[in-house]
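Okay, so here's the structure we're looking at.
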Amino acid sequence: MTSWTLLIIAALTATGFFVGQAKAQGLRNAGTASLHSLPAYHGLLMASMALAAAGITTLAVAAIAGPNSLVMPAAAALLGTGAIAASYRIITRDFRARNRFEFFVMLVLIACSAVAVLTTVGIVFSVLFESLAFFSEVSPIEFLFGTHWAPTSTPPSFGLIPLLAGTLLITFIAIVVAGPLGLLSAIYMAEYSSRKMRGVLKPMLEILAGVPTVVLGFFAALTVAPLVRNAGESLGLNVASESALAAGLVMGMMIVPLISSLSDDIINAVPQALRDGSYAMGATKSETIKRVVLPAALPGIVSAFMLAISRAIGETMIVVMAAGLAANLTFNPLAAVTTITVQIATLLVGDQEFDSAKTLSAFALGFVLFCFTLVLNYIALRIVQRYREQYD
Amino acid sequence: MDASPQMPTLSKVPRILNERETKIVASDVNVYYGEKQAIKNLSIDIPDRAVSAFIGPSGCGKSTFLRTINRMNDTIDGCRVTGDILVDGKNIYDRDLDVVQLRARVGMVFQKPNPFPKSIFENVAYGPRIHGIAKSKADLEEIVVNSLKKASLFEEVKDRLDHSGTSLSGGQQQRLCIARAIAVNPEIILMDEPCSALDPIASARIEELIDEIRQNYCIIIVTHSMQQAARVSQLTAFFHLGDLVEFGDTDEMFTTPKDKRTQDYITGRFG
Amino acid sequence: MTDTFDKGNAAFIAKRYASERRFKAYGAVALAVSVLFLVYLIVDIGIKAWPSFFEHRVVLEVNLDASKIPADEVLKGDFEGLVRGSLRSLFPRVTTRGDVRSLTSLLSAGAADDLRQDTAANPASIGTTVRAGALLGDDSDLYLKGMLTTTLRMPGTTNLQLAQSGEEFILTGDLSQLAVGQIVRANGGALRITGVEAGLAKAEAILPPATLNSLTPGTWDILSFSRAEADRRIDDRQVVLLEALRDKGVIEKHFAWRFFTSGDSREPELAGLRGAIFGSLLTLIMTLSLSVPLGIAAAVYLEEFAAKNKWTEIIEVNINNLAAVPSIIFGLLGLAVFINFFGLPRSAPLVGGLVLALLVLPTIIIASRAALKAVPPSIKEAALGVGASHQQAVFHHVLPLAVPGILTGTILGVARALGETAPLLMIGMVAFIVDVPKGFTEAATVLPVQIFLWSDLPEIAFQSRTAAAIIVLLVILFGLNAAAIYMRKRFERRW
């Protein structure tokens with residue numbers, strides 16, 4: 001019935017447009033005084049009335065009687081036609097169709113921009129409700145401070161600490177790799193490279209940023225992990241085949257373009273006058289960068305790092321493919337660790353029952369992840385905003 | 001290259017050049033931005049321990065020429081300079097010249113005050129630090145205080161040297177920038193419309209300051225205000241469309257300009 | 001004169017310049033590391049992927065026996081049997097059950113598929129003998145690509161005598177060429193050397209020789225391997241058969257169109273991307289048809305109409321935060337709201353598209369706002385000046401001028417959606433799907449998820465397939481990025 005209903009709504013909308021336009025055109029041809037609005041606006045208004053009436057009816061019927069009910073297309077047709085008939089009568093020479101139509105458009109625009117807010121609300125509620133269901137079975141204290149994670153064993157234990165430690169370990173490795181690389185790359189591109197070289201280098205980093213994480217995960221698991229392992233063994237170290245180091249290294253490379261492009265923007269936003277002031281004192285380029293540009297750009301760079309950390313914490317595919325599943329509580333980068341995102345993915349892939357603590361725990365992990373990244377993002381964005389205002 | 005520069009529209013050597021040593025000798029200087037020529041065949045002598053003013057309508061090349069003297073135009077893509085600029089007889093466009101050391105000798109104050117987003121103290125200490133001028137912490141403090149005093153800013157900020165340089169008023173910021181330039185102990189100070197972003201009272205303080213320090217430095221000031229040029233300078237050069245039209249003693253220049261264009265500009269027919 | 005320019009001492013200046021050079025070098029090294037990583041990544045995956053774009057077939061003369069093919073249902077004919085029979089006819093001496101199994105195991109499970117399709121398309125060929133390419137199995141294929149072992153052939157240059165005692169064969173004569181583990185091919189058979197002692201070499205039959213004639217130079221050869229039988233996925237008997245096929249000149253190498261035209265399969269040599277590509281396409285259509293209108297409308301409202309108040313501020317903060325929320329969280333949203341609450345079907349492009357639409361919405365809004373902001377206000381003012389309403393000014397003048405910028409942002413959003421994996425795992429787009437999805441509500445998979453699924457499989461051949469799928473995905477993504485860069489260059493307008 002859905003496709004029939006959609007067809008009817010479309011037909012009514014089109015009819016509304018032509019009927020409205022025709023009536024207005026008739027008035028225009030007949031009368032001496034000019035219309036307030038162009039005939040097309042009368043048509044558009046009538047079309048939107050028909051669309052709104054039929055559409056809302058359909059949604060209402062679908063909600064009450066289900067999408068397969070025969071009532072749906074019938075009710076849509078009835079109310080749509082009614083809307084056309086009703087608005088046909090109010091088309092007169094002085095009728096302000098344009099203003100009414102623009103009001104309608106404005107409502108649509110506002111509704112569209114509210115979707116973003118609804119998404120956030122949706123995220124918060126979906127994660128929160130399932131988490132609450134989880135916490136009715138497992139105490140939050142046990143979840144937050146437990147040091148043992150084994151959701152599938154009997155009895156299961158849900159201790160967050162090993163996952164948190166694993167996540168932070170891999171994130172730390174990633175930032176240690178990406179921080180210097182990204183920042184120095186940005187400095188080189190912004191301050192040293194010629195325009196031509198920048199034209200080559202920037203797209204290269206954009207390409208690196210565009211490589212899907214599933215690809216990086218494959219690369220981490222099949223190429224980097226064995227490399228790390230062999231390197232470690234040649235030094236006489238015992239390296240797990242799914243070491244935190246391999247996943248962290250590749251994740252670091254994933255973040256390099258993020259840090260470099262954010263830092264590049266921020267360094268470029270430092271006014272040239274400050275550099276000129278320093279050069280005019282006889283400072284070399286690196287002295288200017290280290291003592292004037294970077295201190296001036298510091299807040300922005302800090303926030304770039306925070307966004308990078310948030311990105312690393314939330315990254316899923318690289319760790320799913322290259323990090324382990326075993327929840328070891330260790331800070332040894334050569335050992336296998338697991339992360340929050342890996343556990344969410346593992347718990348939810350396949351069939352789920354929404355009444356088991358195992359499934360629900362994934363949402364609790366999601367809640368932790370969401371809070372973590374939200375706080376980081378919010379602070380970072382506020383810092384950037386202040387920073388922008390300073391130099392605008 | 002001819003040792004004695006060609007003097008444009010110059011019946012006699014300006015008085016001030018006879019009274020003072022010549023600090024800067026520019027001969028046949030051309031500056032190009034890509035294809036566009038911004039300075040055409042310019043030659044000029046600039047005296048030490050005096051204020052020289054560059055005047056002229058917008059886009060005439062006076063700021064461009066100013067920036068060639070400490071090679072700030074090196075930072076602009078596609079900018080090319082030909083000809084010679086000698087400072088104390090040394091060509092600053094020689095291949096072996098070190099720009100960093102040149103700029104330590106040729107300080108610059110910009111159109112818009114551009115204090116670093118650091119404390120007042122750090123702003124002034126920046127130059128001595130990078131050039132390794134101060135031998136000790138006490139030494140550095142002394143340099144900073146002296147520079148601030150010379151820039152007649154010390155009394156206003158002595159209680160808040162640790163406040164940010166950007167927290168000062170516009171006029172104070174500009175004096176801070178002058179103090180910052182002085183701290184490196186330069187011989188030449190270039191000022192690119194230093195008062196154009198300031199209100200009249202702050203401008204007057206800067207002018208006073210220039211007057212106080214001119215005995216110790218070779219100062220070149222680019223200005224849009226002819227009154228200012230008349231008030232602070234001893235030598236005035238008038239630029240028009242990349243040409244140096246005329247230069248001479250300031251008092252004579254404003255009373256008896258020789259070139260028609262100078263006369264028109266001074267009397268306000270264009271510009 | 002230079003001495004007048006020495007302000008500080010020379011050593012201090014030299015130190016400053018050394019530090020300058022060092023700092024610049026750090027930057028160059030950092031950039032080089034990032035670029036080299038990218039190059040290494042692409043080259044490494046490219047090398048892994050390359051073999052997967054080719055497949056080996058054995059070309060057989062197949063008699064399309066009418067009794068084996070029902071005339072009314074050609075597709076149900078026993079083409080497997082026909083192909084196997086034809087392969088066996090190439091080796092009349094392969095008779096034991098074990099040997100026959102080895103021979104037919106060289107073929108893919110889908111070896112007869114091409115022939116079946118061809119015959120169905122051309123039923124007139126039934127009853128005749130046709131030349132048909134039969135696809136080899138993944139192990140045979142890998143062997144022929146040299147990925148399982150490197151095989152060395154040496155022509156026999158000495159005289160040897162052959163004798164049999166029970167199951168064992170004895171070689172005597174000049175044994176200088178022989179070593180344990182090698183295979184001697186002579187007299188129509190193949191012998192594996194099991195021991196070389198003083199004056200004689202012991203061997204076992206891989207394929208029994210037809211005669212025990214003496215071996216003279218040029219009549220026999222030796223196969224030796226870089227990897228012993230126990231360490232590779234293909235045994236000596238299969239190798240001997242494959243080498244025999246190669247000697248007969250019936251093995252052909254072709255570009256593997258199959259990789260693009262067939263769906264997923266448990267057999268690596270049959271697995272293709274068709275289903276995943278169509279799944280991605282459907283999902284993207286869904287994503288775009290939602291996120292583009294929503295994104296543009298939201299951007300127009302926020303940039304052109306919204307009053308600067310609390311509500312607008314909330315929306316803005318929201319969008320910026322949403323852009324940085326981990327993608328897996330969107331997967332949780334999809335699972336809890338679309339599937340669990342609204343009861344939409346799992347694994348479907350409909351839900352995948354919805355989730356990805358919400359995921360890229362902030363990107364599109366931010367890009368569109370930037371594009372709208374770049375249009376100078378004078379344009380709008382000019383329109384308002386001639387009496388256009390605010391909306392007319394925006395929709396007739398500002399928005400059209402912002403379209404290139406919006407389009408660029410949209411393309412980048414699409415690229416992001418196309419490479420996204422994690423949220424789709426959450427909503428169950430991980431099912432094993434052979435067929436092309438027929439609609440938005442049918443189970444489907446997408447390219448990146450297909451990559452994830454294949455990367456998990458143990459077969460070596462799937463590793464290469466995974467790499468090849470990655471190359472396909474990367475080519476599409478680079479194409480999209482190039483399009484975005486082109487658009488930006490082509491329509492860039494400086495005001």
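Note that the structure is predicted; figures quoted are calculated from it, not measured. Heavy-atom basis, side chains included; hydrogens, waters and symmetry copies ignored. Proteins get letters first, then strands, A, B, ... in listed order; numbering begins at 1 in each.
Both the backbone and the side chain of C/Ala467 come within contact range of chain A, each with at least one heavy atom under 4.5 Å from a heavy atom of that chain. For chain A, the nearby parts of C/Leu41 are the backbone and the side chain; heavy atoms of each come within less than 4.5 Å. Interface remark: A/Phe370 contributes backbone and side-chain atoms alike to the contact with chain C (heavy atom separation under 4.5 Å). Looking at A/Phe218, only its side chain comes within 4.5 Å of chain C, counting heavy atoms on both sides. In this structure, the portion of A/Leu381 lying under 4.5 Å from any heavy atom of chain C is its side chain and not its backbone. Contacts between C/Pro448 and chain A at a heavy-atom distance below 4.5 Å involve backbone atoms as well as side-chain atoms. Residue A/Glu315: no heavy atom, backbone or side chain, is found under 4.5 Å from chain C. Only the side chain of A/Arg98 comes within contact range of chain C, with heavy atoms under 4.5 Å apart. No part of A/Ala312 comes within reach of chain C, as not one of its non-hydrogen atoms sits under 4.5 angstrom from that chain. Using a 4.5 Å cut-off between heavy atoms, A/Val320 contacts chain C through its side chain alone, with no backbone atom that close. Only the side chain of C/Leu473 comes within contact range of chain A, with at least one heavy atom under 4.5 Å from a heavy atom of that chain. For A/Ile344, the parts lying near chain C are the backbone and the side chain together; criterion is any non-hydrogen pair under 4.5 Å. Both the backbone and the side chain of C/Ala422 have a heavy atom closer than 4.5 Å to some heavy atom of chain A. Interface remark: A/Leu181 contributes backbone and side-chain atoms alike to the contact with chain C (heavy atom separation under 4.5 Å). Using a 4.5 Å cut-off between heavy atoms, C/Leu361 contacts chain A through its side chain alone, with no backbone atom that close. Using a 4.5 Å cut-off between heavy atoms, A/Leu205 contacts chain C through its side chain alone, with no backbone atom that close. Both the backbone and the side chain of A/Val117 come within less than 4.5 Å of a heavy atom in chain C. Interface residue C/Leu477: only side-chain heavy atoms are found under 4.5 Å from chain A.
Between A/Val105 and C/Phe395 there is a side-chain heavy-atom pair separated by less than 4.5 Å. A 4.5 Å side-chain heavy-atom check between A/Ser286 and C/Lys24 finds every atom pair outside the cut-off. Side-chain atoms of C/Gln391 and A/Met106, non-hydrogen and from C-beta on, do get closer than 4.5 Å to each other. Between C/Ile42 and A/Val211 the shortest side-chain heavy-atom distance does not fall below 4.5 Å. Within the 4.5 Å cutoff, no side-chain heavy atoms of C/Phe37 are placed close to those of A/Val256.
For A/Leu184 against C/Ala30, the heavy-atom pair with the smallest separation is CB-CB, 3.6 Å. Summarising the geometry of A/Tyr188 relative to C/Gly27, their closest heavy-atom pair is CD1-C, 3.7 Å, with the distance given to 0.1 Å. Across all their heavy atoms, C/Leu333 and A/Gly122 have their closest contact at CD1-C, 3.3 Å. Minimum heavy-atom separation, C/Gly419 to A/Pro212: O-CB, 3.5 Å. Annotation for A/Gly366 and C/Leu332: closest pair CA-CD1, 3.6 Å, computed over non-hydrogen atoms. Contact between A/Gly314 and C/Ile328 at its shortest, heavy atoms only, is O-CG2, 4.3 Å.
To the nearest 0.5 angstrom, A/Leu201 atom CG is 5.0 Å from C/Leu31 atom CG. Within the model, atoms CD1 of C/Ile427 and CG of A/Leu348 stand 12.0 Å from one another, a figure rounded to the nearest 0.5 Å. Note that OG of A/Ser113 and CD of C/Glu303 are 12.5 Å apart. Values are rounded to the nearest 0.5 Å. Note: A/Ser126 OG to C/Phe330 CZ = 10.5 Å, rounded to the nearest 0.5 Å. The line from CD1 of A/Ile318 to OG1 of C/Thr421 is 10.5 Å long, rounded to the nearest 0.5 Å. Considering CE of A/Met253 and CG of C/Leu36, their distance stands at 9.0 Å, rounded to 0.5 Å.
Contacts of C/Asp44 classified as side-chain hydrogen bond (donor to acceptor under 3.5 Å, both in side chains), with partners at least two apart in sequence or in another chain: A/Thr223, C/Lys48.
When the candidates A/Ile289, A/Leu222, A/Leu216, A/Thr341 are compared by the number of heavy-atom contacts under 4.5 Å with chain C, A/Leu222 comes out ahead. With chain A as partner, the option from C/Ala299, C/Ser19, C/Ala28 having the largest number of non-hydrogen pairs under 4.5 angstrom is C/Ala28. Note: C/Val325 leads C/Val325, C/Leu480, C/Ile319 in heavy-atom pairs under 4.5 Å with chain A. When A/Ile313, A/Val250, A/Val124, A/Thr119 are compared by the number of non-hydrogen pairs under 4.5 Å with chain C, A/Thr119 comes out ahead. In terms of heavy-atom pairs under 4.5 Å with chain A, the best-connected choice from C/Gln392, C/Arg416, C/Arg22 is C/Gln392. Each of A/Phe367, A/Tyr41, A/Phe129 has some count of heavy-atom pairs under 4.5 Å with chain C, and the biggest count is that of A/Tyr41. With chain C as partner, the option from A/Gly210, A/Gly182, A/Ala345, A/Ser193 having the largest number of non-hydrogen pairs under 4.5 angstrom is A/Ala345. Here C/Asn321 is the residue among C/Asn321, C/Val449, C/Asn481 with the most heavy-atom pairs under 4.5 Å with chain A. Counting heavy-atom pairs closer than 4.5 Å to chain C, the top residue among A/Met189, A/Lys290, A/Met317, A/Met321 is A/Met317. Ranked by non-hydrogen atom pairs under 4.5 Å with chain A, the options C/Phe341, C/Trp311, C/Phe305 are led by C/Phe305. Considering only heavy-atom pairs separated by less than 4.5 Å from chain A, the leading option among C/Leu474, C/Thr312, C/Val337, C/Thr466 is C/Thr466.
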Between A/Phe219 and C/Ile470, does a side chain to side chain contact (heavy atoms under 4.5 Å, CB included) hold up when you go through it step by step? CA-CA 10 Å; A/Phe219 184 69; C/Ile470 287 177; over 6 Å; no

I would like to know whether C/Tyr26 and A/Ile187 meet side chain to side chain contact (heavy atoms under 4.5 Å, CB included); could you show each step before the answer? CA-CA 10 Å; C/Tyr26 293 152; A/Ile187 289 171; over 6 Å; no

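Between the side chain of C/Glu20 and the backbone N or O of A/Thr284, no donor-acceptor pair lies under 3.5 Å.
Counting heavy atoms of neighbouring residues, nucleotides and ligands inside a 6.0 Å radius, atom CZ of A/Phe103 does not exceed 12 of them. In C/Tyr486, the OH atom is not crowded: 12 or fewer heavy atoms of neighbouring residues, nucleotides or ligands sit closer than 6.0 Å.
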